[in-house]
Amino acid sequence: MDPSNSGQEIVFFDLETTVPRRCGQQIWVLEFGAVVVCPLKLLELESYTTLIRPPDLSVVPFRSNRGEGITRELMKNAPSFDQVADKIFSIMNGRVWAGHNIQRFDSHRLNDAFRHAGRPAPVCAGMIDSLGVLTNKFGRRAGDMKMATLATYFGLGQQKHRSLDDVRMNLEVLKHCATVLFLESSLPNVLNANWQTPPTMMTRSRTNTMFQNKEEGSRKSPPSSSMAVQRPVPYAMGNLGKVTRGVKSLLSKASENGTLSNILKHSHSIIR
């Protein structure tokens with residue numbers, strides 16, 4: 001690989017970290033995963049992943065409650081951050097960084113790890129946060145914008161909460177979203193109308209989602225304002241009763257003059 005072209009490449013990356021039990025507690029990076037891609041063809045040029053053993057193994061749980069998550073047993077023989085810092089730096093430095101919620105979480109945790117090790121942190125040539133991009137461009141039609149929710153929406157399987165697997169899932173989600181947006185741009189008046197919801201509408205599913213158990217979220221979850229699930233609702237709440245009464249009135253009149261009976265007879269003859 002030609003190092004002079006590294007600034008033209010995008011590195012998708014993801015971190016798995018400890019979850020602090022109290023405010024101000026140190027967050028340790030437990031796993032790093034990255035895939036370098038060509039932005040013109042989205043070809044995978046290079047990949048790298050490694051577990052990272054924290055100074056104190058007691059911060060790693062014995063058992064993970066997140067799919068194929070990281071356990072203390074896995075970390076016993078993992079290298080320290082100092083042992084892998086040079087490799088991580090070479091992959092990240094000077095490239096465009098991409099990932100899900102990296103602007104708010106992963107990039108800060110990566111810089112903290114280098115600072116804690118007394119090393120200069122890598123510098124990005126630009127940053128693409130798929131959480132922000134998809135929220136603005138794709139909308140919340142898929143739900144709360146977590147990677148697991150987006151993957152389920154597109155039928156890509158369950159999120160494994162392992163860095164390299166999540167990076168590749170992130171890339172596939174972006175490809176699927178881009179394809180949908182491309183198709184919608186071809187017939188915007190037809191395809192876009194299938195999912196959009198009035199911004200002031202509060203549906204039952206949206207209300208339920210906003211009050212889900214906090215344990216469903218993670219330290220990498222999107223902000224709570226993006227937790228709403230919007231679904232098409234045909235009428236505003238205030239007009240629903242008027243519509244129902246109008247339909248009942250029409251049916252009553254049709255029954256009285258025999259029109260409804262004629263329509264039903266005609267429908268049955270067509271079905272036969």
Side-chain angles (χ1 to χ4, degrees), residues 1 5-17 29-52 64-71 74-75 78-79 84 87-110 113 122 124-135 137-138 141-182 217-222 226:
M1 187 185 306
N5 292 328
S6 61
Q8 300 174 11
E9 296 161 354
I10 301 176
V11 54
F12 283 81
F13 78 103
D14 178 74
L15 305 178
E16 293 298 320
T17 71
V29 176
L30 300 180
E31 188 176 41
F32 171 88
V35 170
V36 180
V37 301
C38 167
L40 299 179
K41 299 181 180 180
L42 297 182
L43 296 176
E44 184 174 317
L45 304 175
E46 179 184 0
S47 66
Y48 175 72
T49 186
T50 181
L51 292 168
I52 300 172
S64 174
N65 60 356
R66 310 176 72 193
E68 300 179 20
I70 297 169
T71 63
L74 284 175
M75 302 299 296
V84 297
K87 179 64 176 179
I88 295 175
F89 185 91
S90 67
I91 289 178
M92 301 296 293
N93 193 50
R95 288 191 169 108
V96 175
W97 296 1
H100 203 66
N101 204 22
I102 60 172
Q103 189 169 9
R104 189 170 67 97
F105 184 83
D106 298 75
S107 61
H108 295 292
R109 302 290 79 78
L110 185 64
C124 66
M127 190 177 295
I128 303 171
D129 193 323
S130 59
L131 173 60
V133 171
L134 296 181
T135 301
K137 302 294 185 181
F138 193 70
R141 67 184 90 179
D144 57 19
M145 303 307 293
K146 295 179 184 179
M147 184 53 57
T149 308
L150 289 163
T152 300
Y153 180 82
F154 287 112
L156 298 175
Q158 293 186 338
Q159 184 180 9
K160 294 184 177 181
H161 295 287
R162 296 299 302 270
S163 292
L164 194 58
D165 291 318
D166 288 359
V167 165
R168 289 180 171 138
M169 176 172 279
N170 188 184
L171 189 53
E172 288 304 309
V173 164
L174 281 174
K175 291 177 182 178
H176 280 69
C177 288
T179 301
V180 171
L181 292 173
F182 175 78
S218 69
R219 77 279 182 270
K220 297 182 68 174
S221 301
S226 65

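Heavy-atom minimum distance, Glu31 versus Thr49: OE2-OG1, 3.9 Å. The minimum heavy-atom distance linking Gln103 with Asp129 is given by the pair N-OD2, 2.8 Å. When all heavy atoms of Tyr48 and Leu164 are compared, the closest pair comes out as O-CD1, 4.2 Å. Summarising the geometry of Ile102 relative to Ala98, their closest heavy-atom pair is CD1-C, 3.5 Å, with the distance given to 0.1 Å. Pairing each heavy atom of Leu174 with each of Ser130, the nearest pair is CD2-CB, 3.9 Å. Closest heavy-atom contact between Gly33 and Ser163: N-CB, 3.4 Å.
Relative ring orientation between Phe138 and Tyr153 is described as perpendicular, the plane-to-plane angle rising above 60° on a 0-90° scale split at 30° and 60°.
Side-chain contact check for Val180 versus Phe154: some heavy-atom pair is nearer than 4.5 Å. Side-chain contact between Leu51 and Arg162 is present, with heavy atoms from C-beta onward closer than 4.5 Å. No side-chain heavy atom of Met169 sits less than 4.5 Å from a side-chain heavy atom of Asp14. Between Glu44 and Arg168 there is a side-chain heavy-atom pair separated by less than 4.5 Å. Counting heavy atoms from C-beta outward, Met92 and Phe32 have side chains that approach closer than 4.5 Å. Looking only at side-chain heavy atoms (C-beta outward), Thr149 and Met145 stay at 4.5 Å or farther from each other. A heavy-atom distance below 4.5 Å is not found between the side chains of His100 and Val173. Side chains of Asp106 and Trp97 form no contact here, defined as non-hydrogen atoms less than 4.5 Å apart.
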*Could you go step by step and tell me if Glu16 and Asp166 meet the side chain to side chain contact (heavy atoms under 4.5 Å, CB included) rule?*
CA-CA 10 Å; Glu16 293 298 320; Asp166 288 359; 3.5 Å; yes
*Mind running side chain to side chain contact (heavy atoms under 4.5 Å, CB included) on Thr17 and Phe105 for me, showing each step along the way?*
CA-CA 10 Å; Thr17 71; Phe105 184 83; 3.5 Å; yes
*Decide yes or no on side chain to side chain contact (heavy atoms under 4.5 Å, CB included) for Leu110 and Ile88, but give the supporting numbers first.*
CA-CA 10 Å; Leu110 185 64; Ile88 295 175; 4.1 Å; yes
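For residues 170-179, the set of pairs meeting the salt bridge (Lys or Arg N to Asp or Glu O under 4.0 Å) definition, not counting sequence neighbours, comprises Glu172-Lys175.
Rounding to the nearest 0.5 Å gives a distance of 9.0 Å between CD1 of Ile52 and CD1 of Ile70.
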